[in-house]
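Okay, so here's the structure we're looking at.
Residue numbers begin at 1 in each chain, while the letters A, B, ... track the order of the sequences.
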Protein chains: 2
Amino acid sequence: MADQTDLPDEVALLWGLREAPRKGPKPSLTAGDITRAAIELADAEGLAAVSMSRVAAQLGNSTMALYRHVKSKDELLTLMLDAALEEPPDLPGDTDWRSGLTLWTHGVLAAIKQHPWYAQLPLGGPPVGPQNLAWFECALAALSRTALEEHEKVGVVMGLLTYVHGQVRLSSALAAGYAKNPDAFSRQYAAVLTRVVDPRRMPALGKVLAAGVFDVDSLLEEQDADADFDFGLTLYLDGLAGFLATRTPSTVSAPSP
Amino acid sequence: MADQTDLPDEVALLWGLREAPRKGPKPSLTAGDITRAAIELADAEGLAAVSMSRVAAQLGNSTMALYRHVKSKDELLTLMLDAALEEPPDLPGDTDWRSGLTLWTHGVLAAIKQHPWYAQLPLGGPPVGPQNLAWFECALAALSRTALEEHEKVGVVMGLLTYVHGQVRLSSALAAGYAKNPDAFSRQYAAVLTRVVDPRRMPALGKVLAAGVFDVDSLLEEQDADADFDFGLTLYLDGLAGFLATRTPSTVSAPSP
DNA sequence: CCCCTTCTGCGTATGAGATACGCTCAAAAG
DNA sequence: CTTTTGAGCGTATCTCATACGCAGAAGGGG
C-alpha cells in the first residue's frame with residue numbers, strides 16, 4: 001500500500017509507483033489486470049455493465065479480491081480513464097500550431113470513439129495519469145511556439161477537450177436513444193417537435209424544423225456528425241488564429257512595444 | 001395515462017398534456033410537485049441525494065407513490081432538466097447575433113450555476129422540453145439574421161451549449177474534489193505534477209507548471225474561471241464572425257455573386 | 001341512491017450493487 | 001521453524017430502483 005514517494009495513493013497507482021511487497025503470497029492480480037478487464041467489459045457491454053462483481057467474474061476472482069488492488073470503484077474508473085488512452089500522436093517539432101491541434105483533436109476523437117463509455121465519465125479536472133498527461137503535453141507542445149500565455153494555452157486545450165467530449169456525448173446519447181427504441185425515436189424529434197412547436201411563437205425553431213435538420217436520418221448520419229464536428233473545430237481554431245494575429249501582428253512571441 | 005395527442009409519454013409529460021382523469025381519487029401529487037421536490041433536493045444535497053425514497057420523503061409520501069406520476073427515475077431526471085431552467089432572456093428583435101449569443105451563453109451559464117448538478121446529467125440529444133426549447137429558440141433567433149444554414153445554426157448553438165456544460169462540469173469537479181479533501185487536493189496538482197512530470201520529456205507541461213497555472217489557488221479562483229470562460233467564448237464567436245464575413249462579405253443573407 | 005369502474009396511495013418483495021470486516025492460509029524474512 | 005505480512009474471499013449490511021398487487025376513494029350510469 002505504501003509508495004516510495006509521498007504521492008497520494010491514487011496518483012501512485014496511476015503511475016505504478018507502489019513498492020513491491022516483500023512478504024506474503026504473490027498477488028495473482030494487479031491493478032492493471034483489473035483495469036484492463038473493466039475496459040473490456042465497458043467496451044463490450046457499456047459502462048453500466050461495469051460492476052465490481054462483473055469485473056471480478058471476468059477475471060475469475062471473487063468480488064472482494066478486487067479491493068486489495070483498488071480502493072473503490074471510483075478509483076477503478078479513474079484508472080480506466082487513463083489506461084484506455086493510447087499513445088498520443090507524435091508531432092514533429094516544427095508542426096505549426098493549427099495542424100498540430102487539428103491532428104490532436106481528431107486523435108482525441110478517434111481515441112474516445114473506440115471507447116464510447118469514455119465521454120460518459122466526467123472529466124475530473126486537469127489530468128494526472130501518465131497517458132492523459134502525455135496527451136496534454138502533446139497539445140501544449142503544439143502551442144509552444146505561439147504567443148499565448150501559459151494559462152491561455154491550458155484554457156485552449158481544455159476547451160478543445162471539453163468540445164470533443166461534448167460532441168461525443170451528444171452523438172452517443174443520440175445513438176443510444178435510437179438503439180433503445182427506434183420507433184419512438186424516429187417520432188421523437190422532427191415529428192414530435194413539429195407538433196409541439198408553434199411556429200408563430202418560435203419562428204427560428206420552425207425554420208430549423210422545416211429545413212429537416214432534426215430528421216432522424218440526418219441526426220444519425222455519421223458523415224454529417226463528422227462535418228459538424230469539423231465545422232465547430234474550425235470555428236474555434238479560426239478564433240484562436242485571429243487572437244494570435246492581434247497579439248503578434250508579425251513575429252512570434254514578441255512583447256508588445 | 002393517455003394523452004390527448006399521440007405524443008410519446010415523456011413528451012406529453014414535459015408539456016403537461018396529459019388529459020385529466022375523470023374518475024378515481026384526486027391525485028394528491030403531480031409530476032410537477034415531484035420534479036420540484038427533486039430539484040430542491042439536488043440543489044441542497046447534490047444529485048447523489050436524489051433517490052426516489054428521498055424525494056418521496058420530502059413530499060411526505062411513500063416511495064412507490066411517485067411511480068404513479070413518473071415512469072422511472074430517468075424520466076424524473078429528464079423532467080428536472082427542463083423544470084430547472086428559468087425563462088430565457090428576452091432579446092430585442094434587432095439584437096446583433098454576437099451580443100445576442102454572448103448574452104445567451106452567459107444566461108445558460110448563470111442558469112446552470114444555480115443548479116450545479118445540471119451539468120452532471122448528460123445532454124440527451126436535442127431538446128424536447130418546453131423550457132429547453134425556449135432557450136434553443138432564443139439562441140436560434142439570435143442567429144436568424146445571419147447567413148448560416150439552418151443546420152449550421154444548430155451546430156453553433158449545440159457547440160455553445162456543450163461548451164458551457166463542459167466548463168461547468170470541469171469547475172464543479174474541481175470544487176468537489178477540493179471540498180472532499182482539501183489537503184490531498186492542494187497537493188494533487190501543482191505539487192504532485194511537479195514530482196511526476198519530467199520536464200525533459202514534457203517541456204511544455206513543465207513550463208505550464210512553472211508558471212503556476214495549476215496552483216490550487218488559481219484553479220479555484222472564481223474570477224479566473226470566469227475569465228477563462230469568456231476567453232474561450234470569445235475565441236469561438238470570433239471564429240464564427242470570421243466565417244460569416246467570408247460567406248457574406250458585405251450584406252446579410254446575400255447569395256454569392 | 002347504489003354499485004361498478006377506474007385510479008390513487010402504498011406495503012411488500014426482489015434483486016442489484018458497493019463495500020466494511022474479519023478469517024484463513026501462503027510465502028518470505030529471520 | 002516461527003513470525004509477520006498481506007492475498008483471496010465469504011459473509012453481512014445498506015442503499016436503491018422497481019415489479020406487483022391490494023384497498024379504498026370518487027365519479028358515472030342505472
Is any side-chain heavy atom of [Y] closer than 4.5 Å to one of [X]?
{"X": "A:Thr162", "Y": "B:Thr162", "value": "no"}
{"X": "A:Asn61", "Y": "A:Ser28", "value": "yes"}
{"X": "B:Met52", "Y": "B:Leu76", "value": "yes"}
{"X": "B:Phe214", "Y": "B:Thr194", "value": "no"}
{"X": "A:Tyr118", "Y": "A:Leu85", "value": "yes"}
{"X": "B:His165", "Y": "B:Ile112", "value": "yes"}
{"X": "A:Ile39", "Y": "A:His115", "value": "yes"}

Exercise. A:Ser28 near the nucleic acid: base, sugar-phosphate alone, or nothing, with a heavy-atom cut-off under 4.0 Å?
Worked result: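 Touches sugar-phosphate only.
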Nearest to the side chain of [X], heavy atoms from C-beta on, is which of [options]?
{"X": "B:Asn61", "options": "D:dG8, C:dC21, C:dC10", "answer": "C:dC10"}
{"X": "A:Pro27", "options": "D:dC9, D:dA7, D:dT18", "answer": "D:dA7"}
{"X": "A:Met64", "options": "C:dC21, C:dT12, D:dA17", "answer": "C:dC21"}

Whole angstrom value for the distance that separates [atom2] of [N] from [atom1] of [X]:
{"X": "B:Lys73", "N": "D:dT15", "atom1": "NZ", "atom2": "C1'", "result": "11 Å"}
{"X": "B:Leu66", "N": "D:dA19", "atom1": "CG", "atom2": "P", "result": "13 Å"}
{"X": "B:Leu76", "N": "D:dT18", "atom1": "CG", "atom2": "P", "result": "10 Å"}
{"X": "A:Tyr67", "N": "C:dC21", "atom1": "OH", "atom2": "C1'", "result": "13 Å"}
{"X": "B:Asp74", "N": "D:dA17", "atom1": "CG", "atom2": "C1'", "result": "11 Å"}
{"X": "B:Arg68", "N": "D:dG21", "atom1": "CZ", "atom2": "P", "result": "12 Å"}

Exercise. Does B:Trp135 reach the main-chain N or O of B:Glu86 with its side chain, forming a donor-acceptor pair under 3.5 Å?
Worked result: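 Yes; at least one donor-acceptor contact below 3.5 Å.
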Exercise. Got a second to check how far B:Leu81's CG is from B:Thr35's OG1, nearest 0.5 Å?
Worked result: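 Output value for this atom pair is 10.5 Å.
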For this session: Would you indicate, yes or no, if C:dG9 has its OP1 or OP2 atom less than 4.0 angstrom from a side-chain nitrogen or oxygen of B:His69?
Result: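 B:His69 to C:dG9 OP1/OP2: side-chain N or O found under 4.0 Å.
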For this session: Could you tell me, to 10°, how much the axis swings from one end of the helix from C:dC1-D:dG30 to C:dG30-D:dC1 to the other, five pairs per end?
Result: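 That helix gives 10° between its end axes.
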Problem set entry | Neighbours of DNA chain C within residues 41-59 of chain A, by heavy-atom distance under 4.0 Å |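 Within this stretch, A:Ser51, A:Met52, A:Ser53 sit under 4.0 Å of the strand.
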